[in-house]
Amino acid sequence: MSRPVRILTLLATAAALLAAACSSSTEDDDDGRLRVVATIAPAGALAQAVAGDVVRLDVLVRAGDDPHEFELKAADARSVARAQVVLRNGLGVDAFLDKALKGSKANVITLTDGLKLRLEDGVASADPHVWHDPRNDIAMVDTIVKALSAADPEHAATFEANGRAYQERLRAVDREVQTIIDTIPAANRKMVTDHEAFGYFADRYGLTVVGSVIPGASTSVEPSAAEIARLMETIRRERVRAIFTESSIDPKIARRVAEETNVKIVDDLHGDSLGAPGSGADTIDGMLLSNARKIAEALR
Ligand SMILES: [Zn+2]
């Protein structure tokens with residue numbers, strides 16, 4: 001990071017801290033709304049679609065941040081302690097929540113319970129990145145509607161109506177994404193990704209993930225030199241046209257691999273996170289369409 005950028009970042013951080021300190025008095029005010037915490041941005045976006053402003057929703061890992069590297073802060077622990085409902089993704093991606101749950105009386109809902117999960121050869125735990133298949137999002141919306149309605153029956157009709165409307169939107173987006181991916185010639189439907197975040201997306205729409213820069217479904221592992229060499233071999237052999245990395249990850253190694261194998265790099269997919277508010281990719285439906293367009297553009 002260059003020095004002026006770093007100073008700007010520091011200033012922005014200071015301003016954010018100040019804003020947080022100023023708002024803490026209102027944070028404590030109880031306005032009677034149900035207090036809900038969602039652990040990661042995708043779960044938060046689904047909760048937002050169901051709840052609107054009927055509940056007070058806190059999302060712990062904000063858009064743009066990497067959940068695999070997230071550490072719980074004191075303010076987050078306070079949010080969890082006050083919450084009546086906690087919505088977590090589960091499957092390890094939000095294991096940071098466990099520490100905050102001690103003594104909590106919240107109803108903790110694991111959104112991936114009951115979903116059909118991707119299991120990989122030789123890996124014990126299932127792939128947590130379920131939100132990249134709209135059918136999973138539709139099922140998770142059902143789970144959220146039930147959880148919020150049980151905790152706040154007075155607003156059950158609103159949650160149900162919002163949930164149904166959003167499920168309809170997700171079904172339309174599912175069809176639209178398939179139409180976009182279908183514009184990619186069949187031989188080109190191969191992806192190399194940064195970490196293994198796009199398996200559900202690939203399975204749903206007929207793409208193949210032939211390799212990833214970081215081996216595994218977490219970003220917190222570094223590839224070895226041998227693994228990088230093997231990946232480059234795969235890219236050349238499979239004639240992969242692009243490497244896809246994510247907005248929440250530093251694409252340093254991916255960029256080197258792309259340069260050496262002479263393939264394109266797309267460094268702003270949303271894998272573990274969503275786009276910034278107002279970006280159009282700050283919702284699950286917007287994120288799916290945004291990713292689909294970038295993937296199709298790079299592989300056509
Ligand atoms: Zn991930």
TODO: Please report the shortest heavy-atom distance between Gly64 and Ser248, naming the atom on each side.
DONE: O-CB, 3.5 Å
Open item on the list: Within the supplied structure, the quantity of interest is the number of heavy atoms (other residues, nucleotides, ligands) at a distance under 6.0 Å from Glu168 CD; does it exceed 12?
Closed with: no
Task: Stepwise side chain to side chain donor-acceptor pair (under 3.5 Å) check, Gln84 with Asp152 - done: CA-CA 10 Å; Gln84 289 140 297; Asp152 182 5; over 6 Å; no
Open item on the list: Can you confirm whether Thr193 sits close enough to Thr245 that some side-chain heavy atom of one is under 4.5 Å from a side-chain heavy atom of the other?
Closed with: no
TODO: Taking atom NZ of Lys116 as the centre, report whether more than 12 heavy atoms of other residues, nucleotides or ligands fall under 6.0 Å from it.
DONE: no
Task: Any side-chain heavy-atom pair of Pro67 and Asp94 under 4.5 Å - done: no
Open item on the list: Is there a path of hydrophobic side-chain contacts, each under 4.5 Å between heavy atoms, that joins Leu148 and Val108?
Closed with: yes
Open item on the list: So Leu87 and Thr143, do their side chains get closer than 4.5 Å, heavy atoms only?
Closed with: no
Open item on the list: Tell me if the CZ atom of Arg171 is crowded by more than 12 foreign heavy atoms within 6.0 Å.
Closed with: yes
TODO: Please check if atom CZ in Arg236 has more than 12 non-hydrogen atoms from other residues, nucleotides or ligands closer than 6.0 Å.
DONE: yes
TODO: Output yes when a side-chain donor or acceptor of Lys190 lies under 3.5 Å from a complementary backbone atom of Glu238, and no otherwise.
DONE: yes
TODO: Ignoring hydrogens and angles, state whether a donor on the side chain of Tyr166 or Asp137 is under 3.5 Å from an acceptor on the partner side chain.
DONE: no
Task: Same apolar cluster (I L V M F W Y, side chains within < 4.5 Å links), Val263/Val209 - done: no
Open item on the list: Please find the pair of heavy atoms, one from Val266 and one from Ala298, that lie closest to each other, and give the distance.
Closed with: CG2-CB, 3.7 Å
Open item on the list: Does Asp53, at its CG atom, have more than 12 non-hydrogen atoms belonging to other residues, nucleotides or ligands within less than 6.0 Å?
Closed with: no
Open item on the list: Please report the interatomic distance CD1(Ile243) to CD1(Ile253), rounded to the nearest 0.5 Å.
Closed with: 11.5 Å
Open item on the list: Any side-chain to backbone donor/acceptor pair from Ser212 onto Ile214? Under 3.5 Å, distance only.
Closed with: yes
Task: Residues in side chain to side chain contact (heavy atoms under 4.5 Å, CB included) contact with Ser125, at least two apart in sequence or another chain - done: Val123
Task: Crowding at CG, Asn262 (>12 non-hydrogen neighbours, <6.0 Å) - done: no
Open item on the list: Quick check: do Trp131 and Ile40 have side-chain heavy atoms less than 4.5 Å from each other?
Closed with: yes
Open item on the list: So for atom CD, which belongs to Glu69, do other residues, nucleotides or ligands contribute more than 12 heavy atoms lying within a distance under 6.0 Å?
Closed with: yes
Open item on the list: Contact between Leu57 and Gln48 at the side-chain level, heavy atoms closer than 4.5 Å - yes or no?
Closed with: yes
Task: For the student: nearest non-hydrogen atoms of Asp267 and Pro251, plus distance - done: CB-CG, 4.3 Å
Open item on the list: Within this structure, what is the CD1-CD distance for the pair Ile181 and Glu176, rounded to the nearest 0.5 Å?
Closed with: 11.5 Å
TODO: Over all heavy atoms of both residues, which pair between Leu274 and His270 is shortest? Give the atoms and the distance, please.
DONE: C-ND1, 3.7 Å
Sequence neighbours left out, cut at 3.5 Å: what donor-acceptor pairs do the side chains of residues 195-202 make with other protein atoms?
{"from": "His195", "atom 1": "ND1", "to": "Glu246", "atom 2": "OE2", "distance (Å)": "2.8"}
{"from": "His195", "atom 1": "NE2", "to": "His68", "atom 2": "NE2", "distance (Å)": "3.4"}
{"from": "His195", "atom 1": "NE2", "to": "His129", "atom 2": "NE2", "distance (Å)": "3.2"}
{"from": "His195", "atom 1": "NE2", "to": "Asp272", "atom 2": "OD1", "distance (Å)": "3.4"}
{"from": "His195", "atom 1": "NE2", "to": "Asp272", "atom 2": "OD2", "distance (Å)": "3.0"}
{"from": "Tyr200", "atom 1": "OH", "to": "Arg118", "atom 2": "N", "distance (Å)": "3.0"}
{"from": "Tyr200", "atom 1": "OH", "to": "Asp127", "atom 2": "O", "distance (Å)": "2.6"}

Task: side-chain contact (heavy atoms from CB on, under 4.5 Å) evaluation trace for Val192 with Val210 - done: CA-CA 6 Å; Val192 165; Val210 299; 3.7 Å; yes
- [ ] Would you kindly confirm whether Val130 and Leu207 end up in one hydrophobic cluster when ILVMFWY residues are joined by side chain heavy atoms under 4.5 Å apart?
- [x] yes
Open item on the list: Same cluster or not: Leu117 versus Val141, using hydrophobic residues (I, L, V, M, F, W, Y) connected whenever any side-chain heavy atoms lie under 4.5 Å apart?
Closed with: yes
Task: Shortest non-hydrogen contact between Val59 and Gly44, atoms and distance - done: CG2-CA, 3.8 Å
Open item on the list: Under 4.0 Å between a side-chain nitrogen and a carboxylate oxygen: does that hold for Lys73 and Asp76?
Closed with: yes
Open item on the list: Between Asp30 and Arg82, does any side-chain N to carboxylate O distance fall below 4.0 Å?
Closed with: no
Open item on the list: Would you say that Asp174 contacts Arg204 through its side chain, given a criterion of any heavy-atom pair below 4.5 Å between the two side chains?
Closed with: yes
Task: Backbone N/O of Ile109 and side chain of Arg88: donor-acceptor pair under 3.5 Å - done: no
Task: Cluster overlap Leu231 with Leu299, hydrophobic side-chain contacts below 4.5 Å - done: no
Open item on the list: Would you say that Arg300 contacts Asn188 through its side chain, given a criterion of any heavy-atom pair below 4.5 Å between the two side chains?
Closed with: no
Open item on the list: Please check: side-chain N/O of Asp282 versus main-chain N/O of Gly278, any donor-acceptor pairing under 3.5 Å?
Closed with: yes
Task: Sidechain-backbone polar pair: Ser149 side chain, Val145 backbone, donor-acceptor under 3.5 Å - done: yes
Open item on the list: Contact between Ile180 and Tyr205 at the side-chain level, heavy atoms closer than 4.5 Å - yes or no?
Closed with: no
Open item on the list: Salt bridge or not between Arg35 and Asp58? Use side-chain N to carboxylate O under 4.0 Å.
Closed with: no
Task: Closest non-hydrogen atom pair between Lys264 and Glu297, with its separation - done: NZ-O, 4.4 Å
Open item on the list: Test your reading of the model: is there a side-chain donor-acceptor pair from Ser104 to the backbone of Ala100, 3.5 Å cut-off?
Closed with: no
Open item on the list: Less than 3.5 Å apart, any donor N or O on the side chain of Ser218 or Ser220 sitting next to an acceptor on the other?
Closed with: yes
